[in-house]
Amino acid sequence: KSLVSLFSSIPYTNYTKNDLNLYKGFYASIIFTYVSSLGFRVIGEDVTNKGKGEALKQIKERDYAQKYLNKSKEIYLVGIEFSSEEKNIVNFEWEELGMSC
């Protein structure tokens with residue numbers, strides 16, 4: 001709810017006379033900054049030998065968390081989908097993998 005509210009509060013005029021809403025990096029940067037400011041370590045658009053993630057399904061199917069399993073930390077998978085038309089989050093899913101070795 002906090003993230004949806006955050007995007008809802010961005011003035012419409014920020015999107016006029018430009019294509020800002022078409023750039024995934026705009027949305028990703030806001031999420032990255034917001035979650036990082038809460039004190040969480042964030043790995044945005046993580047890249048592995050299998051590509052990069054866009055949503056929770058892809059993150060799980062391609063096993064992006066595999067390279068973090070030896071870190072002895074809790075691992076959470078988070079998939080956030082944005083709509084350039086709605087200029088907001090349209091799907092948010094997360095899953096706790098638990099503690100790695």
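Quick caveat, the model's predicted, so the values are computed rather than measured. The first residue in the sequence is number 1, and the count goes up from there.
Interatomic distance, F92 CZ to L56 CG, rounded to the nearest 0.5 Å: 10.0 Å. To the nearest 0.5 Å, atoms CZ (R41) and OG (S36) are separated by 10.0 Å. Taking CG of L3 as the start and CD1 of I89 as the end, the distance is 4.5 Å to the nearest 0.5 Å. Here CD1 of I75 is found 10.5 Å from CD of Q66. Values are rounded to the nearest 0.5 Å. F40 contributes atom CZ, which lies 13.5 Å from atom CZ of F32 (distance to the nearest 0.5 angstrom).
Residues passing the side chain to side chain donor-acceptor pair (under 3.5 Å) test with E86: none are found, sequence neighbours excluded. Residues forming a side chain to side chain donor-acceptor pair (under 3.5 Å) with E61 (at least two apart in sequence, or on another chain): none.
Residues L97 and Y68 are not in side-chain contact: their nearest non-hydrogen atoms beyond the backbone lie 4.5 Å or more apart. By the 4.5 Å heavy-atom criterion applied to side chains, I10 and F26 are counted as neighbours.
Between the S9 side chain and the L6 main chain, a donor and an acceptor come within less than 3.5 Å of each other. Proximity of a side-chain donor or acceptor of S5 to a complementary backbone N or O of K1 within less than 3.5 Å is not detected.
Exactly one residue among V90, I31, I30 makes a side-chain contact (heavy atoms from CB on, under 4.5 Å) with F82. That residue is I31.
Checked against the 6.0 Å centroid criterion, the rings of Y27 and F7 qualify as a close aromatic pair.
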